[in-house]
Undergrad: 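Dropping the structure in here first, questions after.
Computation of the quantities below employed the complete heavy-atom set of this structure, encompassing side-chain atoms and omitting hydrogens, waters and symmetry-equivalent molecules. Lettering follows sequence order; numbering is per chain, from 1. Keep in mind that this is a model prediction, so the values were computed, not measured.
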Amino acid sequence: AQSVTQPDIHITVSEGASLELRCNYSYGATPYLFWYVQSPGQGLQLLLKYFSGDTLVQGIKGFEAEFKRSQSSFNLRKPSVHWSDAAEYFCAVGESKLIFGAGTRLAVHP
Amino acid sequence: NAGVTQTPKFRVLKTGQSMTLLCAQDMNHEYMYWYRQDPGMGLRLIHYSVGEGTTAKGEVPDGYNVSRLKKQNFLLGLESAAPSQTSVYFCASSNVVTDTQYFGPGTRLTVL
């Protein structure tokens, strides 16, 4: 069955610290992978996506993600977190029909 | 260019009532989607459309109907609302199947 797992429900980091949000997937074919961010009371905004090619993908707001086929992972990273990064982050896999993970809520301490 | 808009933003229904949620996009996108978001469950696809006049079932279609009579609009209907349909509903659209999905701001629905 196709699925996406985000093992961390909540993560708290200090401003300026590095961040890694984990995402593992189960998908039959070569996956299309996405990371979305949702600020409180808002819709979702695409951070980055992977379709093929270079396994390290750059996105908006200084985020990047690395596709590791052997580990079925697509982890999101940022070298230095800003207070405005506090939000909920969703990993998704699919083509015409996206399957979303349950999300990771990020809190940033000053 | 408003992107994806949803009407209404909030609604409270009683069990058994019906309502329609409207999604509109001004980006000339072919694909449109309806999701529901529940705490701890991420977003789940209800129905989607790959073009005007076509619809297809997603992951959780029961209790919902949809119509795509115009390319820019995608309607989600609840014929007989149930408390289990209390959720936040998001509409999204994309140009092609592998393209970025653009999301609306959401509709918060409460069924009493």
Undergrad: Same cluster for V4(A) and L47(A) if Ile/Leu/Val/Met/Phe/Trp/Tyr side chains link at under 4.5 Å?
TA: yes
Undergrad: For residues F90(A) and F67(A): do they belong to one hydrophobic cluster (side chain heavy atoms under 4.5 Å, members Ile, Leu, Val, Met, Phe, Trp, Tyr)?
TA: no
Undergrad: So which part of L98(A) gets closer than 4.5 Å to some heavy atom of chain B, the side chain, the backbone, both or neither?
TA: both
Undergrad: Name the region of Q45(A), side chain, backbone, both or neither, that has any atom closer than 4.5 Å to a heavy atom of chain B.
TA: neither
Undergrad: Let me check something: do L44(A) and L33(A) share a hydrophobic cluster, defined by ILVMFWY side-chain heavy atoms less than 4.5 Å apart, either directly or through other members?
TA: no
Undergrad: Between A102(A) and G40(B), what is the shortest heavy-atom contact and its length?
TA: CB-O, 3.3 Å
Undergrad: For side-chain contact (heavy atoms from CB on, under 4.5 Å), just list the numbers for F34(A) and Q101(B), CA-CA rounded to whole Å, side-chain angles, deciding distance to a tenth of an Å, and then say yes or no.
TA: CA-CA 10 Å; F34(A) 306 81; Q101(B) 290 190 21; over 6 Å; no
Undergrad: Do the side chains of V88(B) and F10(B) join up, straight or via other hydrophobic residues, at under 4.5 Å, putting them in one cluster?
TA: no
Undergrad: Identify which part of L45(B) has an atom lying under 4.5 Å from any heavy atom of chain A, answering side chain, backbone, both or neither.
TA: side chain
Undergrad: Drop me the distance from L43(B)'s CG to I99(A)'s CD1, to the nearest 0.5 angstrom.
TA: 12.5 Å
Undergrad: Given that the side chain runs from C-beta out, which part of Y35(B) has a heavy atom under 4.5 Å from chain A: side chain, backbone, both or neither?
TA: side chain
Undergrad: Should the heavy atoms of other residues, nucleotides or ligands under 6.0 Å from CZ of R108(B) be counted, would the total exceed 12?
TA: no
Undergrad: Counting only heavy atoms not in E79(B) (residues, nucleotides, ligands), do more than 12 fall under 6.0 Å from its CD?
TA: no
Undergrad: Might you point out which heavy atoms bring F90(B) and Q38(A) nearest each other, and give the distance in Å?
TA: CZ-NE2, 3.2 Å
Undergrad: Let me check something: do F51(A) and Y31(B) share a hydrophobic cluster, defined by ILVMFWY side-chain heavy atoms less than 4.5 Å apart, either directly or through other members?
TA: yes
Undergrad: What part of Q37(B) gets closer than 4.5 Å to chain A, counting heavy atoms only: side chain, backbone, both or neither?
TA: side chain
Undergrad: Let me know if I9(A) has heavy atoms under 4.5 Å from chain B in its side chain, its backbone, both or neither.
TA: neither
